[in-house]
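Residue numbers start from 1 in every chain, and the chains themselves are labelled A, B, ... in the order their sequence lines are given, proteins ahead of strands.
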Amino acid sequence: MLKVISWVNEIRGAARKEPNLKLGRPVLEYLARVWHSPHAMSELPKAYEPTEVEKSWYQAWIDGKCFEADPSSEKPAYSIVIPPPNVTGILHLGHVLNNSIQDILARRARQKGCEVLWLPGTDHAGIATQTKVEKQLREEEGKTRRDIGREAFLEKVWEWKEKHGGIIINQLKRLGCSCDWSRERFTMDEEYSKWVSKVFSDLFKQGLIYRGKRMVNWCPVSLTALSDEEVIMKPQKSKLYYMKYELVDEPGEFLEIATTRPETLMGDVAVAVNPTDERYGKYVGQKVRRPFPAAEIPVVADEHVDPEFGTGALKITPAHDKADFEIGVRNDLAIIDVFHADGTVNCPEVKDLDGLDRFVARKKAAAMLEELGLMIKVEEYENKVGFSERADVPIEPRISMQWFLRYPAVDDATKAVAEDEISYCPAHWAKTYANWMNGIQDWCVSRQLWWGHRIPVWYRKEKSEDLQAAESLTLGDLEAGDLHVSTEPPADPENWIQEDDVLDTWFSSWLWPFATMQNVGEESDLVKKFYPTADLVTGPDIIFFWVARMVMAGYHFKGELPFKNVYFTAIIRDIQGRKMSKSLGNSPDPIDLMDKYGADGLRFGLMRIAPVGSDVRFDEVQIEEGRNFANKIYNACRFRRMAGSDSRVDFDIVASKSLRPYHLDILARCDALAMKLDIAYAEYKFNEVGGQLYDFLWSEFCDKFLEAVKGDLRDDASEEQRNTTLGVFDTVMARYLQMLHPYMPHLTEELSSRMGYLGEGEFLMEKLLPSNGLLDGVSAGLVSEAQAQADAVYETAGRLRNLKAEYRVAARKDVSFVAKSGPAWVKDESETIALLVGAESITRDESYLPEQGTPGAVTAAGEFFMPLDGLIDVEAEKSRLDKEIEKVQKEVGKCRGKLGNEKFVTNAKPEVVDVERGRLSEWEGKLEQLQEMRTNLG
RNA sequence: GCUCGGUUAGCUCAGUGGUAGAGCGCUUGCUUCACACGCAAGAUGUCACUGGUUCAAAUCCAGUAUCGAGCACCA
């Protein structure tokens, strides 16, 4: 079956040639013929076509249950939990990078003999999902969620989730992710939700969760509170309005105030000045007139006021500003809320403003002040304004009843990272983490949404109004029996009313590492085997949202850390360094990229440019490189197949008597590669691993080894030569494909299978990576001698090619070289050197006396000459060189003239002069070279 | 204001206390019986700047400039 899958391409190739081919016996006969034909692969497409191959192998792995973790396994455990993507999401490049890394780690761990659990799933993403469904409801039915009610709305969200929720999962599959899909979780699964309720209820009973009226970040579009982390500060061009309030006791005297928000004037309850500010000391205790609605408000002193800013006097609106709120508390001021929840003005006393949107009201209020003669001036001003992360509108500081969490296990969590029990890679993120942990603020966990985990709190019906309006809610109310907080609803639901709010999405995400492995109140083999997890791979942008909170949850609920290592990926930017975003349209669709370059190409290309620590600028060219690399490997194997279809992967290196330097050299380099990869993996240097894999295959294997041994595969080569070379090829390639597998899983599985490197029914992805080297048992002295010889040959080939190019005979293959001196072994290799150089022959002649001007080169393999007689038309070459020299001399003259011109040097820009100098030395160098060649010709 | 990171070829980026690297791009030559998604040859650098440590600094240290990120404040 598997073989058949691997033959898909051959069938397609065959279909092209024999369109009448039908399935069944004729196909098998045809395949047998093709497979054993020495040119089997040459009948295949010259370029690797990944699409079908990737699809087939992914299905084969699924069918073979290769991704499923066995908690009863004796093997050491290795586990990762996926950072659950939003269920509404579609794959972007950040996901590709992040999940490729996880897949690489998982596949590598399997090869190293671990039992691997890579646990996948999705996040319900409260606001994001609800917003999408609300939008659809508005567009399709012209209704709001309130029109249809909570229950019907939630039904719609679930429907939507069923329809679109699988998209990103399928995209991850397309990428080749080896997640254990049989254990896929969703944060709103019934069992998972039980964890959320349990944790909430426990924390409440521990006194860590409380409810109270506080100043929170309010999103006027989503109509919910947000945590501090969901607010993004953005610089905004706004205006600073200078206005004045008249003193009640001194008519005609005014107190000047600067503000960016005149629309909150109706909520002003005081004017504050700094107690040390001598200008205003006399006013403290007096009253000023608020123009609309007319009122007399006090002047108070508060240290928060910066005398340097604006006029040094600050209007106090406790309902609409966090700092003002605190000043209000300190000075016992009233709170006047002048906005509706959606950000429109709620002030019936001021008809002109009532009902206006806050930004319209701002202009209107300013105009009204102008009319009253109370506006002094307006300045352009840039300040920072908090924006709602999801809705992308300025948030409104607002006092409302919310639930808060006092973070648990803060000390343990801080210490774990500081003392490297949890290691961060790159390590510098530990500092960012520590900074946040040190200034940690209570977490507003309630959201005024419908899609999410509803807070598991019930109020006794007859007291519910009082309780819900109460300034605070604590354990006392629970003990009084008026409150029910539990994972289970009350037994007599008709007497209770459940809390309306749902929980912040992250309140479920922070339980992810263990809540995915275990149900509440149940023993779990999975947890025993796989928790704590080994590595967490995520972006540094969610270090507070997710990582820090998971660490605290791990310590508080499980008594230990949730993961041992955290690898923070780079953030992918576009070529201009901007963050990828839909609105900029600079975010390429990974699916398009996979269509064009294959999943393996995309993975490899991205991994090679993802450095540890810094951001990465994405360029499609890099993905193209990944595809080209896949094609290179494919063609190396295709070449191998043309020399014979039988696998010689069992070739006995140690017993072989006919190994040439190139064989030993590539075997040694393959062993060295294995060691380099071990080191790079240990340091999570994925770009280094990619680079090593790339360089080995392309520079060492193809450019050098394969070219050097091509002669062994020609028709005139001996059977032994041929077998040795095929044996070494297969030995190295089989091992190499295994090492490459985590990066390019589909291609390597395909080629290993097609090349016959696998046993019956065996998968490459399940095959252990051997710990032995290919050259174990071979004398080290023999190997290093061989490598020195191989190096000498490659160096010599390079130098002789160089000579050919210099004398413009690069295209000719009839060049003959003379080897005048050199070590004895070179005689055996001269044919290979000639092959590498593209020369007719290299003749050993110790008595050779080169004519004057014969170009030559001295290398580790001896002294070589390229006799020019008959090779080039000496006279023609002379005159070509003369012409060339004349031309270059002219250029040199031009440059010298320019630089000799005092006016040019003094007046021109320094960089222009520099360019000219550079140009001069360039031309001079060229001139010297040409003159030397000309002299050599006599 | 505090913290962190970057500054290396035209571009994107590696790099190490000891002669400066890759890919792309560029120039030249190749359809050579694996690969033009390829082969071969070539050109290209004050490693941001200024000091210090050192036999030796692009690399370590300090400062400056500049770009970026995060946190805090912003009437």
Side-chain angles (χ1 to χ4, degrees), chain A residues 39 41-42 44 46-48 228 233 235 240-242 257-262 264 271-272 304-306 309-317 321 323-324 381-385 426 428-432 434-436 438-439 540-541 543-544 571 573 575 577 579 597 601 605 608-622 624-643 685 687-688 690-691 694-695 698-699 702-703 706-707 710 713-715 797-798 801-806 808-813 835-838 914 918 922 925-926:
Chain A
H39 296 286
M41 273 183 108
S42 66
L44 292 175
K46 282 165 116 179
Y48 176 55
D228 295 344
M233 301 304 279
L240 190 57
Y241 300 88
Y242 286 78
I257 294 159
T259 181
T260 52
R261 302 203 61 189
T264 63
V271 172
H304 172 81
V305 182
D306 176 5
F309 189 92
T311 63
L314 170 63
K315 74 186 198 67
I316 304 300
T317 325
D321 183 281
D324 287 10
Y381 180 64
E382 189 176 297
N383 63 343
K384 281 186 194 164
V385 177
H428 68 81
W429 288 112
K431 196 148 187 173
T432 305
N435 285 344
W436 188 74
N438 287 334
D541 47 336
I543 191 165
F544 310 137
I571 290 177
R573 299 172 178 283
I575 199 77
K579 247 185 170 170
Y597 305 112
R608 272 196 73 207
I609 55 159
V612 182
S614 50
D615 294 354
V616 59
R617 288 178 194 223
F618 176 80
D619 189 343
E620 193 168 321
V621 169
Q622 293 152 333
E624 199 178 324
E625 224 177 278
R627 175 202 59 181
N628 295 352
F629 183 54
N631 189 54
K632 186 77 180 175
I633 306 165
Y634 167 84
N635 269 293
C637 290
R638 185 163 162 259
F639 172 67
R640 159 68 183 84
R641 293 293 307 195
M642 289 173 73
K685 288 186 176 171
N687 57 335
E688 169 80 15
Y694 186 92
D695 290 346
W698 207 302
S699 313
C702 289
D703 289 350
L706 225 45
E707 293 302 328
K710 261 184 180 168
L713 303 178
R714 294 207 167 141
D715 293 341
R801 278 195 295 245
N802 189 305
L803 285 185
K804 281 178 73 185
E806 216 168 276
R808 307 170 61 77
V809 294
R812 296 179 61 167
K813 289 185 200 163
L835 180 74
L836 287 170
V837 175
D914 279 349
E922 203 173 298
K926 190 150 192 182

Closest to the [X] side chain, choosing from [options]:
| X | options | result |
| --- | --- | --- |
| A:Arg627 | B:A72, B:C37, B:C35 | B:C37 |
| A:Lys431 | B:A40, B:A75, B:U3 | B:U3 |
| A:Phe544 | B:A40, B:C71, B:C74 | B:C71 |
| A:Asp306 | B:G70, B:A75, B:U3 | B:A75 |
| A:Thr432 | B:A34, B:G70, B:A75 | B:G70 |
| A:Arg608 | B:C37, B:A22, B:A40 | B:A22 |

How is [X] classified with respect to the nucleic acid when contacts are heavy atoms under 4.0 Å: base, sugar-phosphate, or nothing?
| X | answer |
| --- | --- |
| A:Glu707 | base |
| A:Lys384 | base |
| A:Leu240 | sugar-phosphate |
| A:Ala272 | nothing |
| A:Asp541 | nothing |

Let me know the distance between [atom1] of [X] and [atom2] of [N], rounded to the nearest Å.
| X | N | atom1 | atom2 | result |
| --- | --- | --- | --- | --- |
| A:Asn628 | B:G38 | CG | P | 4 Å |
| A:Leu713 | B:A34 | CG | C1' | 11 Å |
| A:Lys685 | B:G15 | NZ | P | 6 Å |
| A:Trp429 | B:C71 | CH2 | C1' | 12 Å |

* Do A:Lys632 and B:C35 share a donor-acceptor pair, side chain to base, under 3.5 Å? -> yes
[N] pairs with, by Watson-Crick or G-U criteria that keep both distances under 3.5 Å:
| N | value |
| --- | --- |
| B:G1 | B:C71 |
| B:U12 | B:A22 |
| B:U32 | none |

Gap in Å between the two [atom1] atoms, one belonging to [N] and one to [M], rounded:
| N | M | atom1 | answer |
| --- | --- | --- | --- |
| B:C24 | B:A57 | C1' | 30 Å |
| B:U28 | B:A43 | C1' | 11 Å |
| B:U44 | B:C2 | P | 45 Å |
| B:G38 | B:U3 | P | 48 Å |

